[in-house]
Amino acid sequence: MPPEVPEHPAYQQILTVFTDADRPMRARDLCQALDLPIVPKNTEGIRSKLKRLVSRGILTETEPGLFTQPRP
């Protein structure tokens, strides 16, 4: 059974960006992809969502602050 994605729409948007991306991304990259201003409030919010997705096994953190989808 696949891990459960949190219901908040931001998680769906984040995963859509990763589906279209062909490289690992940082919180700042996601802010740019989601057309969010690059300010600490946004990057920290995205980073915490990325960490939550890592803890659920949906994303992996290949090095500190660098996130990607696990390869099958």
Side-chain angles (χ1 to χ4, degrees):
M1 186 170 170
E4 192 172 321
V5 176
E7 289 191 20
H8 192 281
Y11 291 98
Q12 296 301 327
Q13 294 171 329
I14 289 169
L15 292 176
T16 299
V17 171
F18 274 103
T19 300
D20 296 341
D22 57 354
R23 62 186 172 82
M25 299 182 81
R26 298 189 180 279
R28 179 185 180 96
D29 301 327
L30 275 150
C31 285
Q32 287 178 316
L34 296 170
D35 290 326
L36 295 171
I38 309 295
V39 295
K41 180 182 99 168
N42 290 340
T43 54
E44 291 304 319
I46 292 290
R47 186 174 293 112
S48 73
K49 288 176 176 60
L50 291 169
K51 295 273 191 185
R52 187 166 296 128
L53 292 170
V54 168
S55 72
R56 291 180 180 221
I58 298 167
L59 295 178
T60 58
E61 191 172 8
T62 55
E63 61 182 66
L66 197 60
F67 300 87
T68 190
Q69 288 186 308
R71 298 289 170 229

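We count residues from 1, following the sequence as given.
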Side-chain heavy atoms of [X] within contact of [Y], under 4.5 Å:
X: Leu59; Y: Leu15; answer: yes
X: Ile14; Y: Lys49; answer: yes
X: Met25; Y: Thr68; answer: no
X: Phe67; Y: Val54; answer: yes
X: Asp29; Y: Pro24; answer: no

Donor-acceptor contact present, side-chain [X] to main-chain [Y], <3.5 Å:
X: Arg28; Y: Ile38; value: no
X: Glu61; Y: Gly65; value: yes
X: Asn42; Y: Leu36; value: no

Worksheet entry | Salt-bridge contact Arg26-Glu63 (side-chain N to carboxylate O under 4.0 Å) |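 Looking at Glu63 together with Arg26, the answer is yes, because their closest N to O distance falls below 4.0 Å.
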
Roughly how far, to the nearest 0.5 Å, is [atom2] of [Y] from [atom1] of [X]?
X: Gln69; Y: Asp22; atom1: CD; atom2: CG; result: 11.5 Å
X: Arg52; Y: Arg47; atom1: CZ; atom2: CZ; result: 14.0 Å
X: Arg56; Y: Tyr11; atom1: CZ; atom2: OH; result: 7.0 Å

Worksheet item: For Gly57 and Pro70, which heavy atoms make the closest approach, and how far apart are they?
Response: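 Gly57 and Pro70 have their closest heavy atoms at O-CG, 4.3 Å.
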
Worksheet item: Which residue, Leu66, Ile58, Leu30, forms the side-chain contact (heavy atoms from CB on, under 4.5 Å) with Leu50?
Response: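 Of the listed residues Leu66, Ile58, Leu30, the side-chain contact (heavy atoms from CB on, under 4.5 Å) partner of Leu50 is Leu30.
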
